[in-house]
Amino acid sequence: MRREVYFPLGFWVAPLGMILCLAACAPLRPAPFQTFETAVANGQKGLAAEMARDVEWTRESDVDALADSKDAPLSQYMLKDAQGYAWSMPATAPHWEARLTLRALEDLNAGFLGYTQLLTRVAQGVPQESEDLEALAAAINKNLRDAGDTILQAKNRPNLFPAGAAAFSSESLLAFKRQGRAKKLRAAVQENQPWVESYATQGLTLIDIIRADLKAAYADRMESIHARWDDKRAPGRNTLARSIFNLNAEYADAMDSLKALSLFYNGLPKAHADLAEGLARNAKPQKALTDLAAFADQVARRTRELEKAR
Amino acid sequence: MKGKDAKKTTGDLTVLSLPLLESLSESRIAILFLARQAKEAKNNALAKELTVRGQSLRTEIARLRRSVLNDWSKETKRLIAQAGWPRPG
């Protein structure tokens with residue numbers, strides 16, 4: 001005997017809803033986020049290394065300029081006040097400005113790297129206590145505040161941070177943790193896109209500044225070598241000749257490295273946008289992200305060579 | 001991101017001054033090269049004249065460089081202020 005079995009409406013609706021949800025919600029793939037994080041770390045390290053080279057070259061040309069003038073006002077380059085940990089000097093030498101810029105860059109980079117780490121962790125879906133996220137948030141915030149302090153020190157101004165200043169939307173990332181949907185993570189990444197574009201532009205501007213700085217320092221240092229070469233009393237022509245060749249080789253390496261960095265920072269915003277695209281249903285291959293990783297590898301290779309040469 | 005796009009977030013001063021700074025630095029290298037060639041051709045008067053011109057360029061480069069770095073710092077500060085997280089209070 002056949003029995004007619006009637007299923008309640010909810011029996012169909014619930015699985016259908018699950019299937020629809022699975023179709024609508026793209027899976028979270030942490031790999032692209034890890035690629036992005038690694039690429040950013042390599043790119044940042046490369047830019048910091050070139051900025052450090054800028055500090056070193058500018059310092060050398062400051063040394064030459066000061067040494068060339070017997071009547072130089074040395075009082076301008078000594079401590080005027082030294083009380084506790086505080087100190088001041090009448091003049092700020094160009095290499096000191098470059099040094100402060102390097103510090104600001106390091107702090108800003110740490111903040112941005114923290115953001116990429118947070119994205120990776122969220123995409124990995126590793127169960128985390130909210131305290132962990134809060135600690136990471138506090139670390140990011142501290143780096144950014146440190147960067148602000150360094151800049152303010154450079155400009156000798158009072159602290160201008162508005163108490164309520166915040167637009168770097170990690171709050172939406174926390175919302176994602178609560179709701180666990182790719183759509184939310186995608187929205188959070190998209191919300192931060194303008195900030196990432198500004199960050200990349202700052203990187204590109206700094207690359208242009210370093211390039212101009214190195215050219216100025218090259219002329220200063222070469223002029224100083226020429227002056228010593230022409231001075232019949234100055235010994236050590238071999239040393240001077242070696243200095244000329246070393247300077248040219250370093251200049252060539254620096255231009256190669258800055259070119260690679262320029263490709264990296266140009267590609268950064270698009271790669272970040274790719275992260276969001278990758279979370280969409282029917283996601284296309286993330287070409288910009290692949291390109292960014294390749295540029296970052298080039299940068300990393302040059303950074304290693306620079307480190308080896310030192 | 002360079003050129004037109006860079007204007008979106010980089011200060012106007014940097015957009016205008018940075019290419020000039022680089023151009024002056026390149027000119028200084030070219031002048032130094034010519035001064036050296038003049039010296040090697042035993043034209044000491046020309047070498048001296050070119051060296052003086054190079055020195056005056058150096059002063060202008062130092063001035064521009066300072067304004068460009070200040071502008072970069074100002075822009076970075078703005079960026080950092082936007083990025084403060086978590087929202088205080």
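Labels below follow one simple rule: chain letters A, B, ... track the order of the sequence lines, proteins then strands, and each chain is numbered from 1. Computed from a predicted model, the values in this text were never measured in an experiment.
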Gap between atom CD1 of A/Ile209 and atom OG of B/Ser17 - 0.5 Å precision: 10.0 Å

Minimum-distance pair of heavy atoms, taken over all atoms of A/Ala219 and B/Leu32: O-CD2, 3.5 Å

Heavy-atom closest pair (B/Ile61 atom, A/Ala216 atom, distance to 0.1 Å) is CG2-CB, 3.9 Å

CG on A/Leu108 to OG1 on B/Thr76, rounded to 0.5 Å: 6.0 Å

Using side-chain heavy atoms (C-beta onward) and a distance below 4.5 Å, is B/Arg36 in contact with A/Asp230? yes

Just wondering, do A/Glu223 and B/Thr51 contact through their side chains at under 4.5 Å, heavy atoms? yes

Does atom CZ of A/Arg59 have more than 12 heavy-atom neighbours, drawn from other residues, nucleotides or ligands, at distances under 6.0 Å? no

One should read off an interatomic distance between B/Leu69 CG and A/Leu100 CG, to the nearest 0.5 angstrom, of 9.5 Å

Output yes when a side-chain donor or acceptor of B/Arg65 lies under 3.5 Å from a complementary backbone atom of A/Pro94, and no otherwise. yes

Sequence neighbours excluded, the answer for side chain to side chain donor-acceptor pair (under 3.5 Å) partners of A/Glu60 is none

Sidechain-backbone polar pair: B/Ser25 side chain, A/Lys215 backbone, donor-acceptor under 3.5 Å: no

Proximal component of A/Leu206, with respect to chain B [non-hydrogen, under 4.5 Å]: both

Measure the spacing between CD1 of B/Ile29 and OH of A/Tyr251 and express it to the nearest 0.5 Å. 5.0 Å

With only heavy atoms counted, which part of A/Ala217 is less than 4.5 Å from chain B, the side chain, the backbone, both or neither? neither

Any side-chain to backbone donor/acceptor pair from A/Gln202 onto B/Trp72? Under 3.5 Å, distance only. yes

Within residues 42-61 of chain B or reaching into it, pairs that qualify as salt bridge (charged side-chain N to carboxylate O under 4.0 Å, His left out) - sequence neighbours excluded: A/Asp220-B/Arg58, B/Glu49-B/Arg53, B/Glu60-B/Arg63

